[in-house]
*Asks:* 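For reference, the structure I am asking about is given below.
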Amino acid sequence: PVAAIEGYLALAMNDKVCLIDEKARGYLDKAHASTQHLGQLFQDLLTSAKADDGRLASHPEVIEMSSFLEKLVEDLRFSAEKKGLGLQFVMGTDQDNIAANTNSTKMIKPLYFVEADPDRLREVITNLFDNAVKYTPAGKITIGLTGNSDVVQFYIQDTGGGIPPEDVPHLFQKFYRVDNSATRTIGGTGLGLFICRKIVELYHGRIWVKSSLGKGSTFYVN
């Protein structure tokens, strides 16, 4: 039913289908946005329920993470630039990149392999990225990848307002949301990070965050 409502509202706002005045268009725009939010809430509730009882669909395969992330960053770039934010993808630590650029004109790109469902992995990264964009009024988002022979780690770093220390231990709990003016204005289900944790744990991984008020946050997954 929600998809049908969303579809009919989209048709009503299509100039080739209907003629409506600007005042009515404003009302329909708000209704359409609310319907999309409701649809996302239903989807998050369904995914959360499946995660709780072990029914999350998973079709793992071997993924080369540097190529996977490079493509995903290009797909996500528009969302960041639409808000006036920069988006960059980095390999290794900053020190590694500086050394490579200083000592040689060529850098051998390391290959990082993991076994996971690419759709589930994309869901985690996109969720973390969307949160970074929502809560970063200005600056940039950095998606990074590093690792060694034992561990592959990626992270999403923002230059937003940061997370209060007392909220950090609870971020990955179901329905938990930081209570401040930003979260009240932006809205959300409080399920995104819980779902991310469940997906990461599905592949025996770990997710955590480091944050400083006024300086931004970095979410790590390995």
*Asks:* Got Glu123 and Asp119 here, is their nearest side-chain heavy-atom distance under 4.5 Å?
*Replies:*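 No, every pair of side-chain atoms sits at 4.5 Å or beyond.
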
*Asks:* Classify the ring geometry of Tyr220 against Tyr155: parallel below 30°, tilted from 30° to 60°, perpendicular beyond 60°.
*Replies:*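 Correct class here is tilted.
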
*Asks:* Please check: side-chain N/O of Glu64 versus main-chain N/O of Tyr112, any donor-acceptor pairing under 3.5 Å?
*Replies:*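 Checked: pair present.
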
*Asks:* How many angstroms lie between atom CG of Leu171 and atom SG of Cys196, to the nearest 0.5 angstrom?
*Replies:*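 Rounded to the nearest 0.5 Å, the CG-SG separation comes to 11.5 Å.
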
*Asks:* Using a side-chain heavy atom cutoff under 4.5 Å and only I, L, V, M, F, W and Y, what cluster partners does Leu11 have?
*Replies:*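 ILVMFWY cluster around Leu11 also holds Tyr8, Val17.
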
*Asks:* Salt bridge or not for Glu74 and Lys71, using N-O below 4.0 Å?
*Replies:*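 So Glu74 does not pair with Lys71 through a salt bridge.
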
*Asks:* Taking atom CG of Leu56 and atom NZ of Lys198, what is their separation to the nearest 0.5 Å?
*Replies:*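 If we round to the nearest 0.5 Å, Leu56:CG and Lys198:NZ are 9.0 Å apart.
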
*Asks:* For Asn127 and Gly192, work out which heavy atoms get closest and say how close.
*Replies:*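 Heavy-atom minimum between the residues: ND2-CA, 3.3 Å.
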
*Asks:* Is there side-chain contact between Leu193 and Phe219, with heavy atoms separated by less than 4.5 Å?
*Replies:*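 Of all side-chain heavy-atom pairs linking Phe219 with Leu193, at least one is under 4.5 Å.
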
*Asks:* Looking only at non-hydrogen atoms, find the nearest pair between Val133 and Ala80 and report the distance.
*Replies:*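 Distance-wise, the nearest heavy atoms are CG2-CA, 4.5 Å.
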
*Asks:* On a heavy-atom basis, which atom in Gln153 and which in Trp208 lie closest, and how many Å separate them?
*Replies:*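 Taking every non-hydrogen atom into account, NE2-CH2, 3.5 Å.
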
*Asks:* Salt bridge (Lys or Arg N to Asp or Glu O under 4.0 Å) between Asp21 and Lys23: does it pass, once the steps are laid out?
*Replies:* CA-CA 6 Å; Asp21 61 38; Lys23 188 173 184 180; over 6 Å; no

*Asks:* For Arg25 and Met13, work out which heavy atoms get closest and say how close.
*Replies:*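 Residues Arg25 and Met13, closest heavy atoms: NH1-O, 2.8 Å.
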
*Asks:* What I want to check is whether the side chains of Asp44 and Gln40 have a donor and an acceptor closer together than 3.5 Å.
*Replies:*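 On atom types as modelled, these side chains qualify, holding a pair under 3.5 Å.
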
*Asks:* To the nearest 0.5 Å, what is the distance between CE (Met65) and CG (Leu111)?
*Replies:*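 Separation between the atoms: 12.5 Å.
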
*Asks:* With sequence neighbours excluded, tell me which residues meet side-chain hydrogen bond (donor to acceptor under 3.5 Å, both in side chains) with Thr136.
*Replies:*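 Checked Thr136 against side-chain hydrogen bond (donor to acceptor under 3.5 Å, both in side chains); zero matches.
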
*Asks:* Could you give the distance from CD1 (Ile125) to CZ (Arg122), rounded to the nearest 0.5 Å?
*Replies:*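 Ile125 CD1 to Arg122 CZ: 8.5 Å, rounded to 0.5 Å.
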
*Asks:* To the closest 0.5 Å, what do you measure between CD1 (Ile199) and CG (Asp117)?
*Replies:*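 That separation rounds to 9.0 Å.
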
*Asks:* Let me have the donor-acceptor pairs involving side chains of residues 157-165, under 3.5 Å, with sequence neighbours excluded, atom names and distances please.
*Replies:*
residue: Gln157; atom: NE2; partner: Thr218; partner atom: OG1; Å: 3.2
residue: Asp158; atom: OD1; partner: Gly160; partner atom: N; Å: 2.9
residue: Asp158; atom: OD1; partner: Ser217; partner atom: N; Å: 3.0
residue: Thr159; atom: OG1; partner: Ala138; partner atom: O; Å: 3.0
residue: Thr159; atom: OG1; partner: Lys140; partner atom: N; Å: 3.2

*Asks:* Drop me the distance from Phe154's CZ to Leu128's CG, to the nearest 0.5 angstrom.
*Replies:*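 Answer rounded to 0.5 Å: 7.0 Å.
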
*Asks:* Which atom pair, heavy atoms only, marks the closest approach of Ser79 to Phe129?
*Replies:*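 Minimum heavy-atom separation between Ser79 and Phe129: CB-CE2, 3.9 Å.
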
*Asks:* How close do Pro60 and Tyr203 get, counting heavy atoms only, and between which atoms?
*Replies:*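 Shortest heavy-atom separation between Pro60 and Tyr203 comes out as CB-CE2, 4.4 Å.
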
*Asks:* Verify the distance criterion only: is there a donor paired with an acceptor across the side chains of Tyr176 and Asp167 at less than 3.5 Å?
*Replies:*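 Indeed, the side chains of Tyr176 and Asp167 share at least one donor-acceptor pair under 3.5 Å.
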
*Asks:* Are Asp52 and Lys174 close enough for a salt bridge, meaning some N to O gap below 4.0 Å?
*Replies:*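 Salt bridge: yes.
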
*Asks:* So do the side chains of His32 and Glu6 get within less than 4.5 Å of each other, counting heavy atoms only?
*Replies:*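 SC-SC contact between His32 and Glu6 confirmed.
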
